[in-house]
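A single structure is presented below for examination.
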Amino acid sequence: MRLGLALGYWGRGPNPAHLELAQEAERLGYDSVWTAEAWGSDVFTPLTWIAAHTSRIKLGTAVAQMAARTPTATAMHALTLDHLSGGRVMLGLGLSGPQVVEGWYGRPFPSSPLTATREYVEVIRQVLRRGAPVELDGRFHPHPYRGADGTGLGRPLKPITHPLRADLPVLLGAEGPKNIAQTTRIADGWLPLYWSPTRLDAYEASLAGAPEGFTVAPMVRAHVCADVAEGLLPVKAMLGFYIGGMGHAARNFHADLMARMGYEADARRIQALFGEGRREEAVRAVPDAFADEISLVGPRERIAERLESWRTGPVTDLLVTSPDLTTLRVLAELNG
């Protein structure tokens, strides 16, 4: 099982510790480092900065939001950074949800998310292969555009720049069972948001068609600390925000995922509390058991014991979100 470092996105401003964490992860033998975006910092610029200050570690987006860019623009970002970094890019994509797509990017959330995702990936694949000008008779991402409001002058193009790798890995952040199943057919890997090594049956059917070499890279919050309950507080805060606030009460993919993992009543209570503005109560309502099973928190000996369960099943890469260098070092030693 390979280790990766998941840095996420910025808060109010750049995190001055991120570059040091990335460089230490490379020194420790971590396979990859990943950045993210929400509605603030973008996913590619910090990754480019890290690329310039490292030499070996792979560079992943977890995730680049599809609504933020046309598929050709995303392909341009990926192929450019792949050249500059010497072939280290892994392109992780995510559809996001209606709240972000419509509220931040000002465009409609696709009526058929699976179709929109499939078309997006297909356009990127065509750009990277550069075998012919990009053409797709798509519902959401037609190339060239031939809509009634267009000029009719568009013509198929292929990238001026020759991509460094036609097989640059494309991974998807999918949550629903059908979306995960499609991911095994059209992508090189899957980026699960929440992963519980004790609930492998929750993913078994969706991953049944995964080909050999398919990457499964869940994120896990890790913290070496003496007090487990205290160490879980950041996990609960994250879950309270995502389950309560990242989506509408009637359509929240994060809450639906928690419900499928056996915590439906808790998920709906968190949503209700958050919706009423009772955010601290929403965080406290996150069950310790759920926060604990999707994270690696506690003394070194406890993490060592629990890490074994993450090695079982289909996980190929563990993307670690960690606040400190000590935790990164301990995990490297335990996984060695």
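Model, not experiment: these values are computed from the prediction.
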Passes side-chain contact (heavy atoms from CB on, under 4.5 Å), Leu273 versus Arg269? Steps please. CA-CA 6 Å; Leu273 289 170; Arg269 174 166 169 73; 3.8 Å; yes

Does the side chain of Trp34 pick up a donor-acceptor pair with the side chain of Ser32 at under 3.5 Å? yes

Does Thr35 reach the main-chain N or O of Gly8 with its side chain, forming a donor-acceptor pair under 3.5 Å? no

Can we say Arg306 and Glu293 salt-bridge, meaning some charged N sits less than 4.0 Å from an Asp/Glu carboxylate O? no

Worked check of side-chain contact (heavy atoms from CB on, under 4.5 Å) between Met258 and Ile270: CA-CA 11 Å; Met258 182 179 176; Ile270 294 166; 3.9 Å; yes

Kindly say whether Ala174 contributes a backbone atom to a donor-acceptor pair with the side chain of Trp190 at under 3.5 angstrom? yes

Separation of Arg300 CZ from Thr326 OG1 (nearest 0.5 Å): 11.0 Å

Using modelled atom types and a 3.5 Å cut-off, is there a donor and acceptor pairing between side-chain atoms of His53 and backbone atoms of Trp49? yes

Hydrophobic cluster membership, Tyr9 vs Ile50, 4.5 Å side-chain cutoff: yes

Any chance you could measure Asp82, atom CG, to His77, atom NE2, to the nearest 0.5 Å? 14.0 Å

Please name the pair of heavy atoms, one in Ala78 and one in Val89, separated by the smallest distance, quoted to 0.1 Å. O-CG2, 4.2 Å

Side chains of Arg311 and Asn335 only: does a donor on one sit below 3.5 Å from an acceptor on the other? yes

In terms of heavy-atom contacts, does CH2 of Trp310 have more than 12 from other residues, nucleotides or ligands at under 6.0 Å? yes

Residues joined to Tyr145 in its hydrophobic cluster, side chain to side chain under 4.5 Å directly or through other members, sorted by chain and number, are none

Set of residues satisfying side-chain hydrogen bond (donor to acceptor under 3.5 Å, both in side chains) with respect to Glu281, sequence neighbours excluded: Arg278

Please check if the side chain of Arg199 supplies one atom and the backbone of Met261 the other of a donor-acceptor pair under 3.5 Å. yes

Could I get the full list of salt bridge (Lys or Arg N to Asp or Glu O under 4.0 Å) partners for Glu175, not counting sequence neighbours? none

N/O donor-acceptor pair under 3.5 Å between Arg130 side chain and Pro163 backbone: no

Looking at every non-hydrogen atom in both residues, tell me the closest pair between Leu200 and Thr312 and how far apart they are. CD1-OG1, 4.3 Å

Rounded to the nearest 0.5 Å, what's the gap from CG on Leu232 to CG on Asp288? Could you check? 6.0 Å

Show your working on side-chain hydrogen bond (donor to acceptor under 3.5 Å, both in side chains) between Tyr30 and Glu24 and close with a plain yes or no. CA-CA 9 Å; Tyr30 278 60; Glu24 180 66 3; over 6 Å; no

How long is the span from the NE2 atom in His143 to the CD atom in Gln126, to the nearest 0.5 Å? 9.0 Å

With sequence neighbours excluded, residues passing side-chain hydrogen bond (donor to acceptor under 3.5 Å, both in side chains) with Thr54: Arg88

Ignoring hydrogens and geometry, is there a side-chain-to-backbone donor-acceptor pair from Arg165 to Leu128 under 3.5 Å? no

Within 6.0 angstrom of Lys158 NZ, more than 12 heavy atoms from elsewhere: yes

Only distances under 3.5 Å count here; give the side-chain donor-acceptor pairs of residues 212-226 to other protein atoms, sequence neighbours excluded, each with its distance to 0.1 Å.
none

Test of ring centre spacing under 6.0 Å for Trp195 and Tyr203: yes

Can you list the steps and then say if Thr74 with Tyr120 is a side-chain hydrogen bond (donor to acceptor under 3.5 Å, both in side chains)? CA-CA 10 Å; Thr74 297; Tyr120 200 100; 2.6 Å; yes

Glu26 side chain to Arg56 backbone, donor-acceptor under 3.5 Å: yes

Under the salt bridge (Lys or Arg N to Asp or Glu O under 4.0 Å) test, which residues partner Asp266, sequence neighbours left out? none

Can Arg146 and Asp137 be counted as an ion pair, charged N to O under 4.0 angstrom? no

Give a yes or no answer on whether the side chain of Glu119 reaches the backbone of Pro142 with a donor-acceptor pair at less than 3.5 Å. no

Evaluate whether atom CD of Glu276 has more than 12 neighbouring non-hydrogen atoms of other residues, nucleotides or ligands under 6.0 angstrom away. yes

Is Val63 linked to Leu93 within one hydrophobic cluster, defined over Ile, Leu, Val, Met, Phe, Trp and Tyr using a side-chain heavy-atom separation of less than 4.5 Å? no

Taken to the nearest 0.5 Å, the spacing of Thr45 OG1 from Glu37 CD works out to 9.5 Å

Have Arg268 and Gln271 got a donor and an acceptor in their side chains that come within less than 3.5 Å? yes

So Leu239 and Tyr194, side-chain contact (heavy atoms from CB on, under 4.5 Å) or not? Walk me through it. CA-CA 10 Å; Leu239 288 170; Tyr194 311 136; 3.6 Å; yes

Between Glu122 and Arg129, does any NZ, NE, NH1 or NH2 come within less than 4.0 Å of an OD or OE carboxylate oxygen? yes

Check whether any side-chain N or O of Asp31 sits under 3.5 Å from a backbone N or O of Leu3 as a donor-acceptor pair, and report yes or no. no

Intermediate values then yes/no, side-chain contact (heavy atoms from CB on, under 4.5 Å), Leu157 and Val134: CA-CA 6 Å; Leu157 299 169; Val134 176; over 6 Å; no

Are the charged groups of Arg302 and Asp292 less than 4.0 angstrom apart, N to O? yes

Joint cluster assignment, Met238 & Leu5, ILVMFWY side-chain distance < 4.5 Å: yes

So with a 6.0 Å cut-off around CD of Glu102, is the heavy-atom count from everything else above 12? yes

Does one hydrophobic cluster hold both Phe290 and Leu233, with members joined at side-chain heavy-atom distances below 4.5 Å? no

Shared ILVMFWY cluster between Leu95 and Phe140, side chains joined below 4.5 angstrom? no

Looking at Ser295 and Val297, would you say the former's side chain and the latter's main chain have a donor-acceptor pair under 3.5 Å? no

Interatomic distance, Leu318 atom CG to Met1 atom CE [nearest 0.5 angstrom]: 4.5 Å

